[in-house]
Trainee: 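Got a structure for you, questions after.
Each chain gets a letter, A, B and so on, in the order its sequence line appears, and its residues count up from 1.
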Amino acid sequence: MRLSRAFLPTLKEVPAEAAIASHKLMLRAGMIRQTSAGIYAWLPLGLRVLQKVSQIVREEQDAAGAQEILMPTIQSAELWRQSGRYDDYGKEMLRITDRHEREMLFGPTNEEMVTDIFKSYAKSYRDLPRNLYHIQWKFRDEIRPRFGVMRGREFLMKDAYSFDLDADAARLSYKKMFVAYLRTFARMGLKAIPMRADTGPIGGDLSHEFIILAETGESQVYLHKDLLEFDVLAQKPDYEGDLDPTVNFWTSRYAATDEMHDEAAWNALGAENQVSARGIEVGHIFFFGDKYSKAMGLSVAGTDGNPLVPQMGSYGIGVSRLLGAIIEANHDEAGIKWPEAVAPFRCAILNLKPGDLGCDMLCEKLYASLPGEAVLDDRGERAGVKFNDADLAGYPWQAIIGPRGAANEKIELKRRATGEREEVSLEEALRRMHPVPSGH
RNA sequence: CGGGGCGUAGCGCAGCCUGGUAGCGCAUCUGCUUUGGGAGCAGAGGGCCGGAGGUUCGAAUCCUCUCGCCCCGACCA
């Protein structure tokens, strides 16, 4: 993308409406624009990141055996009456009436709908297990939306729903998602810690919140320091094999949010192992048994021919929220520092002197060598403006090309995350930006 | 939903108390100069002062109502 033609409205001044770093930076970097309280339009740069994050989520869901579908945003009230949640959900649910006076709603979640869909086709135990997910916009009419996309009313969410024959099988489905979540967040450069969550009236021990640590987190969390040091991507999980060792590693060490915090267990860790910080919830998984399958009348024929009510779980990831969370965990005074996997572009090529033949040629050559991965700042702006905009937007690499270096075919390569710079040839620059892939 | 605050040019703000026909910085446009960390000079354009009612000779300013947005709290992916 050439910045001279791009719709990339960066702001020098901080809009008054933003209170936290990620919100300010997303507005300043031209990623989003608020259209109502808690509702945002996604501009080109923000959309690219949203798509990259979505794609990582998708790949890891697929790898864990889940299958993607896409359910509508608008649902019928009738569906929600079957589970009893139409009346329970309260004012958080946005209710809509169509021209025929039918009661509709903008979905805050999809348990009822997915169960209803699955029910239409699943007839036998052979149709299980299945895990269906979609990445779709949700709406929850929060009392007080805030912090930009971290707590919007409209938000993009990945939600998966597993259907199993019995509780043991459901536990396995749960573990697959547990492991998939660890990988998903790790690939985005985040250390997300699963923490046992309150299961509410449903009961059971199978509910975890995945929480990343950031100063602006909404809740206080407590964990064992081992959990921060574990390299999740070191080995690929075998979803057909035994997932217990991985799951047990995480669940056997202390990690709890404020509500679930246990002082005695915490103190037993010893001060040298304690980490206490603020956390942002980016995912939540839970097993809820037959709550919805029963209410929605889902049952299949078991091996003995008798009807059997599937056991279900649901697994959410706040995709749009993740952008805010990633920025909260990766920024400095100058702007965003995107982890490479989710950066809108891998590299910004800064042509410090458009019109200079040497600069133009070297920039074009590099730009052509990075198809779809680079922004070329070919604007007639001063160097300082380009530096600041590149720092703000947070591209992991900056290829700085000015008349001095261009004369020698040299590129000044800067790493946004560390500020390191070095003078390299074009070939070397490409090697630096594309190391041999490892891990995933 | 309780408490607080703010709506004036694209963005950030002053003006309001004490009514007299709207201003500053940045951005935008033109010209000249400048050119490695948000340039300088000169000029220009841009406003139903959130909306509706009222008071007044006269309202951005005072009064009433209303809409929107932000912050704190309770609540949440």
Side-chain angles (χ1 to χ4, degrees), chain A residues 9-20 23-24 27-28 30 33-39 57 89-93 107-111 135-160 181 192 197-198 200 207-212 217-219 257-259 279-286 314-325 333-335 350-356 359 377 379-392 398-406 410-412 414 419 421 423:
Chain A
T10 58
L11 305 174
K12 202 191 290 189
E13 283 173 289
V14 186
E17 70 211 45
I20 62 169
H23 190 192
K24 290 177 186 167
L27 291 167
R28 286 191 53 213
R33 173 169 175 89
Q34 177 167 316
T35 61
S36 301
I39 303 180
V57 170
Y89 218 92
K91 292 189 139 181
E92 252 192 16
M93 180 186 280
T109 179
N110 287 66
E111 278 85 2
I135 298 174
Q136 177 63 292
W137 294 93
K138 304 286 191 293
F139 194 94
R140 292 184 194 170
D141 200 357
E142 294 284 343
I143 298 167
R144 182 153 95 85
R146 61 183 119 174
F147 305 142
V149 300
M150 296 266 284
R151 177 97 179 268
R153 291 195 293 172
E154 189 182 51
F155 55 96
L156 188 62
M157 181 176 174
K158 185 286 299 183
D159 40 328
Y181 273 40
D198 191 357
S207 178
H208 287 88
E209 293 177 3
F210 285 73
I211 291 185
I212 68 155
E218 291 189 87
S219 58
T257 59
D258 235 353
E259 307 96 61
I280 299 169
E281 182 181 354
V282 290
H284 197 164
I285 60 179
F286 48 96
S314 76
Y315 316 90
I317 290 179
V319 175
S320 47
R321 164 181 283 194
L322 264 171
L323 272 74
E333 284 303 304
L350 308 188
N351 187 342
L352 296 192
K353 193 166 185 181
D356 175 279
C359 288
D377 196 343
R379 296 174 299 172
E381 294 288 348
R382 298 171 66 84
V385 174
K386 299 183 182 189
F387 291 136
N388 284 319
D389 273 355
D391 285 347
L392 174 61
Q398 291 172 22
I400 300 163
I401 295 174
R404 282 201 310 266
K410 288 290 187 190
I411 292 168
E412 181 179 333
K414 174 185 164 186
R421 300 155 182 269
E423 293 251 318

Trainee: Which atom pairs link the protein and nucleotides 23-25 of chain B when you take only N or O atoms and keep those under 3.5 Å?
Mentor:
from: rG25(B); atom 1: N2; to: Glu13(A); atom 2: OE1; distance (Å): 2.8
from: rG25(B); atom 1: N2; to: Glu13(A); atom 2: OE2; distance (Å): 3.4

Trainee: Measure from the side-chain N and O atoms of Tyr315(A) to the backbone N and O of Tyr181(A), and report whether any donor-acceptor pair falls under 3.5 Å.
Mentor: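 Side chain of Tyr315(A) to backbone of Tyr181(A), a donor-acceptor pair under 3.5 Å: no, none is there.
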Trainee: List for me each residue that meets salt bridge (charged side-chain N to carboxylate O under 4.0 Å, His left out) alongside Glu154(A), sequence neighbours excluded, and say none if there are none.
Mentor: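 By the salt bridge (charged side-chain N to carboxylate O under 4.0 Å, His left out) rule, Glu154(A) matches no residue at all.
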Trainee: Scan every strand shown for a Watson-Crick or G-U wobble partner of rC76(B), both distances under 3.5 Å, and answer none if you come up empty.
Mentor: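 Across any shown strand, rC76(B) pairs with none.
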Trainee: With sequence neighbours excluded, what pairs up with Glu381(A) under the side chain to side chain contact (heavy atoms under 4.5 Å, CB included) test?
Mentor: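 For Glu381(A) the side chain to side chain contact (heavy atoms under 4.5 Å, CB included) partners, ignoring immediate neighbours, are Arg379(A), Val385(A), Lys386(A).
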Trainee: Using the P atoms only, state how far rG10(B) lies from rG46(B), rounded to an integer number of Å.
Mentor: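 rG46(B) and rG10(B) have their P atoms separated by 12 Å.
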Trainee: Just jot down the salt bridge (charged side-chain N to carboxylate O under 4.0 Å, His left out) partners of Arg146(A), sequence neighbours excluded, or say none.
Mentor: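 Arg146(A) satisfies salt bridge (charged side-chain N to carboxylate O under 4.0 Å, His left out) with no other residue.
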Trainee: Can you check the distance between rC32(B) and rG36(B), where both ends of the measurement are the C1' atom (answer in whole Å)?
Mentor: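 Roughly 23 Å separates the two C1' atoms.
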Trainee: What is the base-pairing partner of rA9(B), counting Watson-Crick and G-U wobble geometry with both distances under 3.5 Å?
Mentor: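 Base-paired to nothing in any strand shown.
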Trainee: Say we look at rA9(B) and rA22(B): how far apart would their P atoms be, to the nearest angstrom?
Mentor: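 Nearest-Å result for rA9(B) against rA22(B) at atom P: 15 Å.
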Trainee: Can you sort out the partners of Arg33(A) under side chain to side chain donor-acceptor pair (under 3.5 Å), two or more places apart, ordered by chain and number?
Mentor: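 Partners of Arg33(A) under the side chain to side chain donor-acceptor pair (under 3.5 Å) test: none.
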Trainee: Does rA60(B) have a Watson-Crick or wobble mate here (both distances under 3.5 Å), and if so which one?
Mentor: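 Matched rA60(B) with nothing under the 3.5 Å cut-off.
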Trainee: Have a look at Val14(A) and say if it touches a base, only the backbone sugar-phosphate, or nothing, with a 4.0 Å heavy-atom cut-off.
Mentor: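 Touches sugar-phosphate only.
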Trainee: Is any side-chain heavy atom of Glu92(A) closer than 4.5 Å to one of Ile143(A)?
Mentor: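 No, their side chains stay 4.5 Å or more apart.
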Trainee: Who does rU28(B) pair with, Watson-Crick or G-U, both distances under 3.5 Å?
Mentor: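 Base-paired to rA44(B).
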Trainee: Roughly how far apart, to the nearest Å, are rC48(B) and rG31(B) at atom P?
Mentor: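 About 28 Å, rounded to a whole number of Å.
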Trainee: Round to the nearest Å and state the distance from Leu27(A) atom CG to rG12(B) atom C1'.
Mentor: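 Taking CG of Leu27(A) and C1' of rG12(B), I get 14 Å after rounding.
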Trainee: List the residues meeting side chain to side chain donor-acceptor pair (under 3.5 Å) with Glu281(A), not counting sequence neighbours, and say none if there are none.
Mentor: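 With sequence neighbours excluded, Glu281(A) shows a side chain to side chain donor-acceptor pair (under 3.5 Å) to His284(A), given in chain and number order.
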Trainee: Partner lookup for rU35(B), please. Criteria are Watson-Crick or G-U wobble with both distances under 3.5 angstrom; report none if nothing qualifies.
Mentor: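 Checking every strand shown, rU35(B) finds no partner, since no pair has both distances under 3.5 Å.
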Trainee: Rounding to an integer number of angstrom, what distance separates rA74(B) and rU56(B) when you compare their P atoms?
Mentor: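 Those two atoms are separated by 48 Å.
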Trainee: Mind checking the P distance from rC49(B) to rG7(B)? Whole angstroms is fine.
Mentor: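 One P to the other, the span is 15 Å.
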Trainee: Residues in salt bridge (charged side-chain N to carboxylate O under 4.0 Å, His left out) with Lys410(A), at least two apart?
Mentor: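 Checked Lys410(A) against salt bridge (charged side-chain N to carboxylate O under 4.0 Å, His left out); zero matches.
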Trainee: Tell me whether the OP1 or OP2 atom of rC70(B) has a side-chain N or O from Gln34(A) closer than 4.0 Å.
Mentor: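 It does, given that an N or O in the side chain of Gln34(A) lies less than 4.0 Å from OP1 or OP2 of rC70(B).
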Trainee: With rounding to the closest Å, how many angstrom separate the C1' atoms on rC16(B) and rC62(B)?
Mentor: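 Looking at atom C1' only, rC16(B) and rC62(B) are 10 Å apart.
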Trainee: If we take the C1' atom in both rC41(B) and rG53(B), what is their distance in whole Å?
Mentor: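 Taking atom C1' in both rC41(B) and rG53(B), they lie 49 Å apart.
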Trainee: Looking at residues at least two apart in the chain, or sitting in another chain, which of them share a side chain to side chain donor-acceptor pair (under 3.5 Å) with Glu111(A)?
Mentor: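 Per chain and number, Glu111(A) pairs via side chain to side chain donor-acceptor pair (under 3.5 Å) with Arg85(A), Thr109(A), Ser314(A).
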Trainee: Give the B/S/- string for nucleotides 71-77 of chain B, one per nucleotide from 5' to 3', where a protein heavy atom under 4.0 Å of the base yields B, of only the sugar-phosphate yields S, and otherwise -.
Mentor: BBBBBBB
Trainee: Under the side chain to side chain donor-acceptor pair (under 3.5 Å) test, which residues partner Asp391(A), sequence neighbours left out?
Mentor: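 For Asp391(A), the residues satisfying side chain to side chain donor-acceptor pair (under 3.5 Å) (neighbours in sequence not counted) are Gln398(A), Lys414(A).
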Trainee: Which residues satisfy the salt bridge (charged side-chain N to carboxylate O under 4.0 Å, His left out) test with Asp258(A), sequence neighbours excluded?
Mentor: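 Here no residue qualifies.
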Trainee: Taking C-beta and beyond as the side chain, do Phe139(A) and Ile39(A) meet within less than 4.5 Å on heavy atoms?
Mentor: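 Phe139(A) reaches Ile39(A) side chain to side chain.
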Trainee: Treat primed atoms plus P, OP1 and OP2 as sugar-phosphate and everything else as base, then score nucleotides 35-45 of chain B 5' to 3': B for base contact with protein heavy atoms under 4.0 Å, S for sugar-phosphate contact only, - for none.
Mentor: -BBBB------
